[in-house]
Amino acid sequence: MASEVKMRVLVTGGSGLVGKAIEYVVHQEAGKLQGEEWIFLSSKDADLVDVGQTRAVFEKYRPTHVIHLAAKVGGLYLHMMENLHFLRDNIRINDNVLQTAHEMGVTKVVSCLSSCIFPDKTTYPIDETMIHNGPPHDSNFGYSHAKRMIDVQNRAYFKQYGHQYTAIIPTNVFGPHDNFSIENGHVISALINKTYTAKKEGTPVKVCGSGAPRRQFIYALDLGRLILWVLREYKEIEPIILTVGEEDEVSIKEAIHMVAQALDFTGEVLFDTTMSDGQMKKTASNVKLRRYLPDFTFTPLEEAIKTTCDWFVANYDIARK
């Protein structure tokens, strides 16, 4: 007799970087518990900008829990050019998912925010209480405001209906299955593709900006493990920052040297200081996470970069880029 399904988890954005990491943890690291069913959606299954398609996919799978990762995303320069599109599409996606979850009696929703939602002018380290203390950085204000509204909606659903909808705020995520596009990919993945291409062609690596900005990078598999904990154990409506410690923050310059080492690139690295650096730093505090999980071990950055580089080389033909 088939075991009764106690928890049916629908993961939106399931084919992306974080979705693939969760899928790996669930299926390859025995993250799936008895009585659980996991469904990983991609944009092929439903266009979540469309409320009818969102409703249809929820009715098809009838989830008890939702991990909401789907978003319209891009690199720094794409965000700067298309703030309105990022604002409107993400507001629609998020409202469709949360309202449909409400209408269909979903027990818990964990949505993924981004560290870019934090105020531009602020003190560091940033913590969970500071999300709305001033406007976000102007470069991607559309995306940032749309993501902030998830936190506002979570609190409203709790106050009005008692729903347990919460959110996580990871810092810069990278890993296998990322978008390695040089123009629109996130920092480390774009640098990996750039360095691999430069090595192949025997040219220097050109890095946008000075290399001085500092970032906390989190390996996607570490984030996947933490999201499963949030889904099962974290009871707060207030969001939680998921990141490595402040002491593990590195400069873009340091990151590119780790990538070069992982790919055995011995050529020249040039920094184009005519290009924007974006925010110089956005150091986030993981004190709240450490209060809950004092013993969680993050994958060392060099090791995570090496694993990601190896995946990219091995899967070059199918990698998004």
Side-chain angles (χ1 to χ4, degrees), residues 5 7-20 22-23 26 36-74 78-79 81-114 116-117 131-132 136 140-170 173 177 179 184 227 230-231 237-239 320:
V5 174
M7 189 160 117
R8 186 176 289 113
V9 188
L10 186 71
V11 182
T12 73
S15 62
L17 167 65
V18 181
K20 284 290 186 187
I22 294 171
E23 188 174 26
V26 166
E36 287 182 359
E37 187 181 329
W38 288 76
I39 301 114
F40 293 86
L41 292 185
S42 77
S43 54
K44 293 187 186 78
D45 297 295
D47 177 4
L48 300 177
V49 174
D50 182 293
V51 69
Q53 291 190 41
T54 306
R55 177 90 196 182
V57 85
F58 269 70
E59 284 180 344
K60 180 179 179 181
Y61 293 110
R62 297 271 164 186
T64 61
H65 294 67
V66 172
I67 297 173
H68 175 38
L69 308 174
K72 177 177 177 175
V73 294
L78 190 63
H79 277 279
M81 290 183 292
E82 296 186 12
N83 267 293
L84 179 63
H85 290 157
F86 283 104
L87 175 71
R88 297 187 73 226
D89 282 355
N90 284 296
I91 282 177
R92 284 180 180 136
I93 289 167
N94 300 334
D95 186 57
N96 288 345
V97 168
L98 291 175
Q99 181 61 15
T100 304
H102 159 66
E103 289 170 0
M104 301 202 57
V106 169
T107 303
K108 184 171 182 176
V109 180
V110 178
S111 296
C112 190
L113 308 186
S114 162
C116 71
I117 68 174
I131 293 172
H132 304 284
N140 56 1
F141 71 89
Y143 178 78
S144 300
H145 278 298
K147 283 290 188 183
R148 281 186 183 190
M149 286 307 296
I150 291 179
D151 177 51
V152 174
Q153 281 186 264
N154 285 346
R155 284 186 281 140
Y157 278 114
F158 177 71
K159 284 199 168 176
Q160 199 160 331
Y161 298 107
H163 289 341
Q164 198 180 11
Y165 297 174
T166 190
I168 57 163
I169 310 172
V173 193
H177 301 282
N179 179 356
N184 299 321
I227 290 172
V230 170
L231 185 73
I237 303 305
E238 297 299 317
R320 288 185 294 157

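Side-chain atoms are counted along with the backbone in the values below, which use heavy atoms only and exclude waters and symmetry mates.
- Heavy atoms only, all atoms of each residue included: D47 and Q53 are closest at N-OE1, 2.8 Å.
- Taking the side chain as every heavy atom from C-beta outward, I131 and I169 approach each other to under 4.5 Å.
- A 4.5 Å side-chain heavy-atom check between I93 and T54 finds every atom pair outside the cut-off.
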Test side-chain contact (heavy atoms from CB on, under 4.5 Å) on H132 and V152; report intermediate values, then the result.
CA-CA 10 Å; H132 304 284; V152 174; 3.9 Å; yes
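- For the residue pair P63 and L10, the shortest heavy atom distance occurs at CB-CB, 3.6 Å.
- E103 contributes atom CD, which lies 9.5 Å from atom CD of E59 (distance to the nearest 0.5 angstrom).
- Between F141 and H145, the angle of the ring planes goes over 60°, which puts this pair in the perpendicular group of the 30/60° scheme.
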Tell me, with the steps shown, if M7 and L231 meet side-chain contact (heavy atoms from CB on, under 4.5 Å).
CA-CA 11 Å; M7 189 160 117; L231 185 73; 3.5 Å; yes
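- Minimum interatomic distance between L69 and C112 (heavy atoms only, all atoms of both residues): CD2-CB, 3.8 Å.
- The backbone N or O of I150 lies less than 3.5 Å from no partner atom in the side chain of N94, so there is not a single donor-acceptor pair.
- Under the 30°/60° scheme for interplanar angles, the aromatic rings of Y157 and H102 are found to be tilted.
- Here I22 contributes atom CD1 and K20 contributes atom NZ; the two are 12.0 Å apart, rounded to the nearest 0.5 Å.
- Of the inter-residue distances, the one linking I67 atom CD1 with F40 atom CZ reads 7.0 Å to the nearest 0.5 angstrom.
- The two residues I39 and E37 have their closest heavy-atom pair at CD1-OE2, 4.0 Å.
- Between the side chain of D151 and the backbone N or O of R148 there is no donor-acceptor pair closer than 3.5 Å.
- Looking at N90, its side chain never comes within 3.5 Å of a backbone N or O of A71 through a donor-acceptor pair.
- Between H163 and I237, the closest heavy-atom pair is O-CD1, 3.5 Å.
- With respect to the salt-bridge test (charged N to carboxylate O, under 4.0 angstrom), the residues R92 and D89 qualify.
- Remark: the backbone N or O of Y143 is not paired with any side-chain donor or acceptor of N140 at under 3.5 angstrom.
- A distance of 11.5 Å separates NZ of K147 from CZ of F86, quoted to the nearest 0.5 Å.
- R320 contributes a side-chain N or O that, together with a main-chain N or O of H177, makes up a donor-acceptor pair within less than 3.5 Å.
- With values rounded to the nearest 0.5 angstrom, R55 atom CZ is found 9.5 Å from Q99 atom CD.
- For the pair V97/S111, no side-chain contact is recorded, criterion being any heavy-atom separation below 4.5 Å from C-beta on.
- S144 places a side-chain N or O within 3.5 Å of a backbone atom of C116 that can act as its donor or acceptor partner.
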Working for side-chain contact (heavy atoms from CB on, under 4.5 Å), residues N96 and F58
CA-CA 11 Å; N96 288 345; F58 269 70; over 6 Å; no
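- Pairing each heavy atom of D50 with each of G52, the nearest pair is OD1-N, 2.8 Å.
- The main-chain N or O of R8 is found under 3.5 Å from a side-chain atom of T64 such that the two form a donor-acceptor pair.
- With a 4.5 Å cut-off on side-chain heavy atoms, V49 and K72 do not count as touching.
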Given the rule in the side-chain contact (heavy atoms from CB on, under 4.5 Å) test, do V51 and D95 qualify, once you have shown the distances and angles that lead to the verdict?
CA-CA 9 Å; V51 69; D95 186 57; over 6 Å; no
